[in-house]
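Reviewing the structure listed below.
Protein chains get the first letters and strands the later ones, always in sequence-line order, with residue 1 at the start of each.
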Amino acid sequence: MTVEEREQRWAEAMRAERRGEAVAYERMLKEVAAALRRSLAPRLVRAGLNAHEAEDLVQEILIGLHGKRHTWDSARPFLPWLHAITRYKLIDFTRHRRRETTRRVDLPLEDWLKIVEAPADDASRSTVEVDRHLAVLPVGQRKIVRAIAVEGASVRNAALRFATSEGAVRVTIHRAIRRLLGAAEPTSTIEPSLRNEHDKHR
Amino acid sequence: MTSTDDLIRSLASTAGARRSASLQTAFAVTGAASLACALLLVFLVIGIRPDFADMAVRMPFGFKLAYTGSLVVGTSVVALYAATPGASATALYSLLPAVIFLVLGVLFDPTGFPITGRTNTAVVFCVSSILFLSLPAMILLFVAMRKGAPTQPLFAGAVVGMISASVGAMAYTLACKNDGTAFVAIWYTAACAIMAFIGAVAGHRVLRW
């Protein structure tokens, strides 16, 4: 579909919606969702977020589009209107996700470190066990988690050693915790399936 | 993925259901209500000028009305632009008449009155009166702006602040005892700037959707 075709098709569907034609509108929303899914994943990665969060953002944009559809003037082109909404929602989403992430990381990190610190008297056994658990992590995450949780480095020292920022170390640990929790509970398979969908679209 | 499909189905099921009023209508109604509130406050709290009938036919009052009127119209057009995603930025040109009045008023003040007003407290009284008169307008216009889809909340909030101050200033022309065009141009504009700042701060919080 070229841009002009898309513009015409979607603008027509938006006009159809105003006449109460739900079928045309639903088809358009599906097409918009598919197009957004493709274009948003790389933009989220560039903004420092995970590509699999794109689906949440797609839903946010669809809700915004629907809730504010009366602000589209049918005499004006539809795509610039949609792009402005997409851009706004992307900025809003990344801002709030980042804030949430720092908040989410702060508490569990301290708790988690305490939990790992506790059985330190039985050092050799727990190290072997931790290593076995850490095997599910990608190399980068494993290195940082081992430095902090097993070798007892501070977040700052770990950041210095791996030549990255403290924030990045915290985010990495947060991701690692999520992954470890996921590995501990085989029922939560939502994330991997979403990621596969994205690989398909890319 | 299925949750998105569910969402789409539920959104589509309400197709054509809600026909809310156009933004133009919403802003026009809100603007009129705001002006009515501000006028009411002028009559009740500040009181119109004692020599109103005499002053109303002279140039300074005409200038005040023209300047505040062009501000109200210009900022309203910009507000529509701020509330509509992907709208054309040429809307910003509608502020041009107000800017011209502002420049003319400052540079070619024919009255020769001092720019700090007739008394020491003129500036403070004038600016704070306009801020006071613009408060109801600000609340009403934020409600209207939330009906729109402002994609730059900071900017949209600032514009809401500016319309409110313009409406407040327009009502205040009935009470204002300072006739210097430079005074009007500078201090009415200062009130606008303050309200724009307050609006921007508030918009950042209030106008998320």
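- In this structure the side chain of B/Thr151 never reaches within 4.5 angstrom of the side chain of A/Lys89, judged on heavy atoms.
- Within the model, atoms OG1 of B/Thr84 and NE2 of A/His70 stand 9.0 Å from one another, a figure rounded to the nearest 0.5 Å.
- Interface remark: B/Leu11 contributes backbone and side-chain atoms alike to the contact with chain A (heavy atom separation under 4.5 Å).
- The most heavy-atom pairs under 4.5 Å with chain B, out of A/Val58, A/Ile63, A/Asp56, A/Leu79, come from A/Ile63.
- To the nearest 0.5 Å, atoms CD (B/Gln152) and CD1 (A/Ile91) are separated by 8.5 Å.
- Contacts with chain A were tallied for B/Ala83, B/Ala149, B/Ser88; B/Ala149 has the most, counting heavy-atom pairs under 4.5 Å.
- Within the 4.5 Å cutoff, the side chain of A/His96 has heavy atoms near those of the B/Arg208 side chain.
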Determine all donor-acceptor pairs shorter than 3.5 Å in which one atom belongs to a side chain in residues 186-206 of chain B; sequence neighbours excluded.
residue: B/Trp187; atom: NE1; partner: B/Ile115; partner atom: O; Å: 2.7
residue: B/Thr189; atom: OG1; partner: B/Tyr67; partner atom: OH; Å: 2.6
residue: B/Thr189; atom: OG1; partner: B/Ala185; partner atom: O; Å: 2.2

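- Here B/Ser10 contributes atom OG and A/Glu26 contributes atom CD; the two are 9.5 Å apart, rounded to the nearest 0.5 Å.
- Closest heavy-atom contact between A/Glu17 and B/Thr14: OE2-O, 4.4 Å.
- When each of B/Pro153, B/Ala12, B/Ser13, B/Pro85 is scored by its heavy-atom pairs under 4.5 Å with chain A, the top score falls to B/Pro85.
- Although no hydrogens or angles enter the test, the distance criterion places no donor-acceptor pair under 3.5 Å between the side chain of A/Lys30 and the main chain of B/Asp5.
- A distance of 8.0 Å separates CG in B/Leu207 from OH in A/Tyr88, rounded to the nearest 0.5 Å.
- The shortest side-chain heavy-atom distance between B/Thr4 and A/Arg37 falls under the 4.5 Å cut-off.
- The contact between B/Pro150 and chain A is made entirely by backbone atoms, counting heavy-atom distances below 4.5 Å.
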